[in-house]
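Read the structure below first, then the notes.
Every heavy atom of this structure was used, including side-chain atoms; hydrogens, water molecules and symmetry mates were not.
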Amino acid sequence: MRRLLTFLMVLFPTVLIAQQVDIESRYRQIDEAIAESPRYVALREAKITAARHAFNQTSGKQKYEEGYRLYELYRPFVSDSAIYFLRQCIALAEQQGDHAASVRCRSQLAIRCSNIGLYDEALNILDSIRIGNGLDKLVLGTYYEAYNNVYGELSYYTRLDDMRQLYQQKEQYYKQLMFDHLPATSEACLLRREQTAQAEGDLKTAMAINDEWMKTVEPGSHPYALTALYRYIEYKLQRDTTQMMYWLTESVLADIRNAAMDQGSMWELANELMLMGDVDRASRYISFTSDCANRYGSRQRNWQIAPLLSHIANEYKSQSEHITSQLWGALAVISILALLLLGALFFVHRRNTQLHTARNDLKISNDELASANSLLAAQKDELAALNSQLSTLNSQLTESNRVKEEYIGRFMSLCAQYIDKLDNYRKMVNKKMKNKELEELFRISKSTELKEKELEELYENFDTVFLHLFPNFIDDFNALLQPEMQIHPKEENRLTTDIRIFALIRLGFEDSSKIAEFLHYSVNTIYNYRARIKNGALGNREQFENKVKTL
């Protein structure tokens with residue numbers, strides 16, 4: 001069974017179509033079953049405890065029956081315990097002189113050993129069995145089934161072509177002997193008949209065999225899980241994704257609810273999820289089945305799980321590297337904003353220097369006017385009015401200086417806010433990675449909402465500051481344009497992209513690449529905006545930007 005599952009996974013990769021089946025509902029059922037797994041395990045352990053008590057309290061034939069019942073309970077649950085009670089049954093059968101029971105248990109022991117990769121041990125056990133005459137056909141059928149099983153495993157895992165051919169010949173030989181002795185409706189015969197039909201590409205016959213097999217098992221039981229798994233394979237070969245996933249999840253649910261630790265279906269489901277790109281769910285499921293395999297004690301199952309666990313780890317590493325690159329991108333944006341802030345601070349400082357010089361000049365003028373006023377009494381009223389005008393201008397310049405100082409503080413605050421936001425974002429990423437909330441982190445990292453929000457806030461702050469410094473800029477700018485080219489923003493106190501570009505030119509940003517970095521456009525886009533506006537200028541278009549700088 002493991003060989004065929006591996007072959008199908010490689011040969012027929014599957015892509016699910018979400019609307020074909022209510023697969024999310026099936027996943028919810030599986031998640032609920034996994035959450036309830038401790039209860040299912042406790043129920044099986046309770047049955048085992050009761051059976052152990054009965055085993056310890058009985059003797060003779062009854063003790064053998066209770067020991068075999070314990071083997072059946074442990075068979076999908078703990079491999080070592082199943083083998084232990086098979087050995088107990090062998091000892092009891094030999095004590096009682098029941099050769100048939102001894103052969104039956106030894107054959108089952110060989111099957112268990114071959115299923116967990118102990119091929120030499122399995123062959124040694126089978127070679128030590130003396131068949132003799134008078135054995136029941138069912139016992140002989142189980143004996144041949146054990147030989148068929150071990151040679152089938154050896155033919156699959158050997159790397160030597162000549163040995164593979166030899167093992168396959170022996171596998172076919174013992175399979176025919178098994179068919180001759182076991183009922184056609186037994187699980188072993190139905191399973192191998194279906195495998196043969198699948199290998200020959202006769203899917204119609206294979207489905208008919210599975211229908212026949214399905215009638216012999218109780219829905220929801222552990223045998224039902226195996227039957228459902230092969231039904232999944234039938235639909236996978238037919239590329240029927242709807243039925244395929246339904247029967248695969250049926251098998252998974254039956255395994256979990258029966259506390260089966262040897263789970264082929266959950267491993268196969270994790271593979272399907274990886275093919276669909278659902279790494280988080282695949283990781284949860286393969287981790288669960290890995291824990292179950294460790295409890296069961298099968299090195300073969302761990303070998304199957306290991307490559308998928310490695311693949312999932314690589315996927316998580318890739319996602320982590322992607323998130324790291326996004327963080328570096330965010331740091332680059334903050335660095336650009338910091339440079340812009342430094343540029344703004346330099347601009348404001350230069351303006352303050354100019355205002356300070358102007359204030360000193362006005363003070364000198366006021367002193368001179370005061371002296372002239374004392375000397376020219378006849379012109380007292382005129383000089384008083386002029387002095388009043390100059391005082392008003394001085395007040396306006398003082399107010400302008402206060403505004404500049406206010407916006408220095410505003411830009412410093414904006415810089416501090418961006419640093420705090422970057423640190424909060426770092427803390428959030430660190431917390432989610434620590435809590436292994438990688439799915440949520442991956443969703444956040446894919447979103448551009450944060451960047452768009454911060455850019456919008458930056459542009460809003462820029463527009464507010466600029467229009468406060470140059471309240472008549474929009475009207476003066478439009479006065480330089482032809483009527484049909486004039487731009488009127490839809491929102492009050494907001495600039496359009498066209499006006500914002502020339503506002504930056506007014507502030508001294510003449511290089512299109514610098515403007516493009518600030519506005520997050522390409523250099524060609526900025527160049528096209530500038531060219532289109534200049535084409536609509538009144539008068540000489542080559543002097544248009546120089547006129548804008550004087551507004």
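The side-chain heavy atoms of Q238 and Q243, taken from C-beta on, include no pair separated by under 4.5 Å. Residues Q88 and F55 are in side-chain contact: their nearest non-hydrogen atoms beyond the backbone lie under 4.5 Å apart. With a 4.5 Å cut-off on side-chain heavy atoms, L253 and R26 count as touching. Using a 4.5 Å cut-off on side-chain heavy atoms (C-beta onward), L269 and T289 make no contact. Between Y230 and Q198, the closest side-chain pair of non-hydrogen atoms falls below 4.5 Å. In this structure the side chain of D80 never reaches within 4.5 angstrom of the side chain of Y74, judged on heavy atoms. Here the side chains of V103 and I131 are not in contact, with every heavy-atom distance at 4.5 Å or above. With contacts defined as side-chain heavy-atom distances shorter than 4.5 Å, the pair D262/S79 does not qualify.
Residues A110 and A146 approach most closely at CB-CB, 4.1 Å, considering heavy atoms. Between S114 and Y119 the shortest heavy-atom distance is O-CE2, 3.3 Å. Annotation for S102 and I90: closest pair OG-CG2, 4.2 Å, computed over non-hydrogen atoms. Among all heavy-atom pairs drawn from G264 and D255, the shortest one is N-OD2, 4.4 Å. Contact detail for T142 and R104: the closest heavy-atom pair is CG2-O, 4.3 Å.
With N435 contributing its side chain and E437 its backbone, the two residues share no donor-acceptor pair below 3.5 Å. Judged by distance alone, with hydrogens and angles left aside, the side-chain atoms of N528 form a donor-acceptor pair with the main-chain N or O of N524 at under 3.5 Å. N149 places no side-chain N or O within 3.5 Å of a backbone atom of E145 that could act as its donor or acceptor partner. Although no hydrogens or angles enter the test, the distance criterion places a donor-acceptor pair under 3.5 Å between the side chain of N258 and the main chain of G220. Side-chain atoms of S221 come within 3.5 Å of backbone atoms of E218 as a donor-acceptor pair (strictly under, hydrogens ignored).
To the nearest 0.5 Å, atoms CZ (R231) and CG (L248) are separated by 14.0 Å. Atom OG in S155 sits 12.5 Å away from atom CG in L160 (nearest 0.5 Å). The CG atom of L455 sits 10.5 Å away from atom CD of E457, with the distance rounded to the nearest 0.5 Å. Taken from OG1 in T249 to CD in E272, the straight-line distance is 11.5 Å, to the nearest 0.5 Å. If you take CD on Q165 and NZ on K170, they are separated by 13.0 Å, rounding to the nearest 0.5 Å. Note that the CG atom of L70 and the CG atom of L86 stand 10.5 Å from one another [nearest 0.5 Å].
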I would like to know whether F85 and E66 meet side-chain contact (heavy atoms from CB on, under 4.5 Å); could you show each step before the answer? CA-CA 10 Å; F85 280 102; E66 291 297 336; over 6 Å; no
Run the side-chain contact (heavy atoms from CB on, under 4.5 Å) test on Y246 and Y235 for me, step by step, so that the C-alpha distance in whole Å, both residues' side-chain angles and the decisive distance to 0.1 Å come before the verdict. CA-CA 10 Å; Y246 173 80; Y235 284 114; over 6 Å; no
Show the numbers, then the answer: is there a side-chain contact (heavy atoms from CB on, under 4.5 Å) between M266 and I30? CA-CA 10 Å; M266 180 68 89; I30 292 173; 4.2 Å; yes
Check the pair Y173, Y151 against ring-ring contact (aromatic ring centres under 6.0 Å, His included), reporting the backbone distance first and the verdict last. CA-CA 10 Å; Y173 171 74; Y151 281 120; 9.5 Å; no
Could you go through the side-chain contact (heavy atoms from CB on, under 4.5 Å) check for Y521 and I501 one step at a time? CA-CA 11 Å; Y521 287 102; I501 291 171; over 6 Å; no
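Stacking of R500 on the aromatic ring of F462 is not recorded, the 6.0 Å distance cut-off and the 45° axial limit not both being met.
Taking the salt bridge (charged side-chain N to carboxylate O under 4.0 Å, His left out) definition, one finds that R192 meets it with nothing, sequence neighbours left out. Applying the side-chain contact (heavy atoms from CB on, under 4.5 Å) criterion to D31, with sequence neighbours excluded, gives R284, Y285. With sequence neighbours excluded, the residues forming a side-chain hydrogen bond (donor to acceptor under 3.5 Å, both in side chains) with R75 are E72, listed by chain and number. Taking R193 as the reference, E212 meet the salt bridge (charged side-chain N to carboxylate O under 4.0 Å, His left out) condition, with sequence neighbours excluded. Take R112 and apply the side-chain hydrogen bond (donor to acceptor under 3.5 Å, both in side chains) test, not counting sequence neighbours, and it matches Y71. Not a single side-chain hydrogen bond (donor to acceptor under 3.5 Å, both in side chains) links R44 to another residue, sequence neighbours left out. Applying the salt bridge (charged side-chain N to carboxylate O under 4.0 Å, His left out) criterion to E36, with sequence neighbours excluded, gives R39. Under the side-chain contact (heavy atoms from CB on, under 4.5 Å) criterion, S25 pairs with D22, R28, Q29, not counting sequence neighbours. In terms of the salt bridge (charged side-chain N to carboxylate O under 4.0 Å, His left out) criterion, E32 has no residue partners (sequence neighbours excluded). Evaluation of the side-chain hydrogen bond (donor to acceptor under 3.5 Å, both in side chains) rule for T205 yields D202 as partners, not counting sequence neighbours.
The local environment of CZ in R164 is crowded, with over 12 non-hydrogen atoms from other residues, nucleotides or ligands closer than 6.0 Å. A 6.0 Å sphere centred on NE2 of H53 holds no more than 12 heavy atoms belonging to other residues, nucleotides or ligands. When the shell of 6.0 Å around OH of Y84 is examined, it contains 12 or fewer heavy atoms from other residues, nucleotides or ligands. Atom OH of Y40 has more than 12 heavy atoms from other residues, nucleotides or ligands within 6.0 Å.
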Under 3.5 Å, side-chain donor or acceptor atoms of residues 222-229 against the rest of the protein: list the pairs with distances, not counting sequence neighbours.
| unit_1 | atom_1 | unit_2 | atom_2 | d |
| --- | --- | --- | --- | --- |
| Y224 | OH | E250 | OE1 | 2.5 |
| T227 | OG1 | W213 | NE1 | 3.3 |
| T227 | OG1 | P223 | O | 3.0 |

Quiz: residues 175-185 side-chain donor-acceptor pairs under 3.5 angstrom, not counting sequence neighbours:
| unit_1 | atom_1 | unit_2 | atom_2 | d |
| --- | --- | --- | --- | --- |
| K175 | NZ | Q172 | OE1 | 3.4 |
| K175 | NZ | T196 | OG1 | 3.0 |
| Q176 | NE2 | D180 | OD1 | 3.1 |
| H181 | ND1 | L177 | O | 2.8 |

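Taking the six-membered ring where the residue is Trp, Y147 and Y143 present perpendicular rings, their angle passing 60° and hence far from 30°.
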